[in-house]
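Here is the structure we will look at.
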Amino acid sequence: MPRAVLNNIDHADLRIRLDRGAAFGDAVNQMTVFPTEFEALQRDYVLIFRRDDDGSWRSTVLLGLDSDENLYLDGDRWNADQLPALMEIGPFSIGLPPAGAQGEPMIHIDTDHPRVSTSEGAPLFLEQGGNAPYLDRVAATLQAIYVGDQLSAPMFAAFEAAGLLEPVTFDIELTSGRRYKVPDCWVIEGGRFAALRPDALAALHAQDFLRCAVWQLSSLGNLPRLIARKERREG
């Protein structure tokens, strides 16, 4: 895919379509997220942790139960207050300078992305060349992703050091009798969290990961709401 450093000369006439839909890659049943999003996302989504084959950790939100199912997607509308950041940025990404080279991270754009248009959508630049409000929002979201990505490994190291992570499989049965299993999930184990010693609590708080643990725990209350979305969709 052609990715280029975004600039107000080559890309002055570009616009970004903001409607949602499967055509834009929104029909997925989970999405990688970052600690910088936890506070906002835990109000609407189930936050879980995954461990990849190489042992690395990542945070995700559950969006559906079937493959390619997004229960928050209603036609061309996203039915929740907050979008996951990777959904929000669409065709944009952060371009880092080569290792050892000087330079700041730059915004890159995939000009072949289905959201990119020259005739409809939100403009990227003002007529006089400055950033349009939409591009400022994208830049802030990219910054949150960049910072959140740097925080992920230390956060999981802190959770492991405190002995908080527990593997779970969500076993879900709908009123129709249809059953779903969501395997290979990890969560903060509530009993262990409640029993943390003061020194362990202080260590988590000092790294500002105590709040992340609370937000993940509280997000599990959204599982019944996700199931209710599925029931309405099936009904």
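Fair warning: this is a prediction, and the values are worked out from it, not measured in the lab. Position 1 is the first residue of the sequence; numbering continues from there.
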* **side-chain contact (heavy atoms from CB on, under 4.5 Å) assessment of Ile48 paired with Val46** => CA-CA 6 Å; Ile48 59 171; Val46 178; 3.9 Å; yes
* Shared hydrophobic cluster for Tyr146 and Leu86 (ILVMFWY, side-chain gaps under 4.5 Å) ->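 Same hydrophobic cluster.
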Which pair of non-hydrogen atoms, one from [X] and one from [Y], has the smallest distance, and what is that distance?
{"X": "Cys212", "Y": "Phe159", "value": "CB-CZ, 4.1 Å"}
{"X": "Thr36", "Y": "Gly148", "value": "OG1-CA, 3.5 Å"}
{"X": "Ala27", "Y": "Asn70", "value": "CA-CB, 4.2 Å"}
{"X": "Leu196", "Y": "Ala162", "value": "CD2-O, 3.8 Å"}
{"X": "Pro35", "Y": "Met155", "value": "CG-SD, 3.7 Å"}
{"X": "Pro84", "Y": "Val33", "value": "CB-CG1, 4.1 Å"}

Determine whether [X] and [Y] make a side-chain contact, defined as any pair of heavy atoms from C-beta on separated by less than 4.5 Å.
{"X": "Leu73", "Y": "Asn79", "result": "no"}
{"X": "Asn131", "Y": "Leu126", "result": "no"}
{"X": "Leu18", "Y": "Phe24", "result": "no"}
{"X": "Val187", "Y": "Leu220", "result": "yes"}
{"X": "Ile94", "Y": "Ile107", "result": "no"}
{"X": "Phe170", "Y": "Cys185", "result": "yes"}
{"X": "Asp184", "Y": "Arg50", "result": "yes"}
{"X": "Ile172", "Y": "Leu223", "result": "yes"}

* **Sequence-distant partners of Trp78, ring-ring contact (aromatic ring centres under 6.0 Å, His included), two or more places apart** =>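 Testing Trp78 for ring-ring contact (aromatic ring centres under 6.0 Å, His included), a comparison that skips the adjacent residues, returns none.
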* Who are the ring-ring contact (aromatic ring centres under 6.0 Å, His included) partners of Phe92, not counting sequence neighbours? -> none
* Asked: Below 6.0 angstrom between ring centroids: does that apply to Tyr72 and Tyr45?
  ->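 Yes, ring centres under 6.0 Å apart.
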* To do: Could you tell me whether Trp186 and Phe49 have their ring centroids closer than 6.0 angstrom?
  => no
Judged by atom type as modelled, is there a donor-acceptor pair below 3.5 Å linking the side chain of [X] to the main-chain atoms of [Y]?
{"X": "Arg15", "Y": "Gly121", "result": "yes"}
{"X": "Glu189", "Y": "Leu164", "result": "no"}
{"X": "Arg225", "Y": "Gly221", "result": "yes"}
{"X": "Thr169", "Y": "Pro183", "result": "no"}
{"X": "Thr60", "Y": "Met31", "result": "no"}
{"X": "Asn222", "Y": "Gln42", "result": "yes"}
{"X": "Asp10", "Y": "Asn8", "result": "no"}
{"X": "His11", "Y": "Ile9", "result": "no"}
{"X": "Glu231", "Y": "Thr175", "result": "yes"}
{"X": "Ser56", "Y": "Asp52", "result": "no"}

Could you measure the distance from the [atom1] atom of [X] to the [atom2] atom of [Y]? Nearest 0.5 Å is fine.
{"X": "Met87", "Y": "Thr32", "atom1": "CE", "atom2": "OG1", "value": "10.5 Å"}
{"X": "Leu63", "Y": "Asn29", "atom1": "CG", "atom2": "CG", "value": "7.0 Å"}
{"X": "Leu151", "Y": "Phe34", "atom1": "CG", "atom2": "CZ", "value": "11.0 Å"}
{"X": "Arg43", "Y": "Phe38", "atom1": "CZ", "atom2": "CZ", "value": "14.0 Å"}
{"X": "Leu226", "Y": "Leu65", "atom1": "CG", "atom2": "CG", "value": "5.0 Å"}
{"X": "Ile188", "Y": "Ser218", "atom1": "CD1", "atom2": "OG", "value": "11.0 Å"}

* Asked: Applying salt bridge (charged side-chain N to carboxylate O under 4.0 Å, His left out), which residue pairs with at least one partner in residues 157-178 are found, sequence neighbours left out?
  -> Arg51-Glu160, Asp66-Arg178, Glu166-Arg192, Asp171-Arg179, Asp171-Lys181, Glu173-Arg179, Arg178-Glu234
* Regarding Arg58 and Ser152, is there a side-chain donor-to-acceptor distance under 3.5 Å anywhere? ->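 No, Ser152 and Arg58 have no side-chain donor paired with an acceptor closer than 3.5 Å.
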* Asked: Under the side-chain contact (heavy atoms from CB on, under 4.5 Å) criterion, do Ile109 and Arg3 qualify, and how do the steps go?
  -> CA-CA 5 Å; Ile109 184 170; Arg3 291 190 177 271; over 6 Å; no
* So, are Arg233 and Glu69 salt-bridged, with charged N and O less than 4.0 Å apart? ->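 Answer for the salt bridge query: no.
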* To do: Decide yes or no on side-chain contact (heavy atoms from CB on, under 4.5 Å) for Leu14 and Thr118, but give the supporting numbers first.
  => CA-CA 5 Å; Leu14 294 188; Thr118 55; 3.9 Å; yes
* To do: Please name all residues satisfying side chain to side chain donor-acceptor pair (under 3.5 Å) with Thr111, sequence neighbours left out, ordered by chain then number.
  => none
* Neighbour count above 12 (heavy atom, 6.0 Å) for Asp53 CG ->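 For Asp53, atom CG is not crowded (no more than 12 foreign heavy atoms under 6.0 Å).
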* **Full working for salt bridge (charged side-chain N to carboxylate O under 4.0 Å, His left out) between Asp26 and Arg115** => CA-CA 12 Å; Asp26 295 338; Arg115 290 195 178 281; 3.2 Å; yes
* Not counting sequence neighbours, which residues clear salt bridge (charged side-chain N to carboxylate O under 4.0 Å, His left out) with Asp208? List them please. =>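 So Asp208 forms a salt bridge (charged side-chain N to carboxylate O under 4.0 Å, His left out) with Arg211.
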* To do: Can you run down the ring-ring contact (aromatic ring centres under 6.0 Å, His included) pairs that involve residues 203-222, sequence neighbours left out, and say none if there aren't any?
  =>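 Pairs touching residues 203-222 that pass the test: none.
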* Decide yes or no on side-chain contact (heavy atoms from CB on, under 4.5 Å) for Leu71 and Arg232, but give the supporting numbers first. => CA-CA 10 Å; Leu71 295 169; Arg232 290 194 297 271; over 6 Å; no
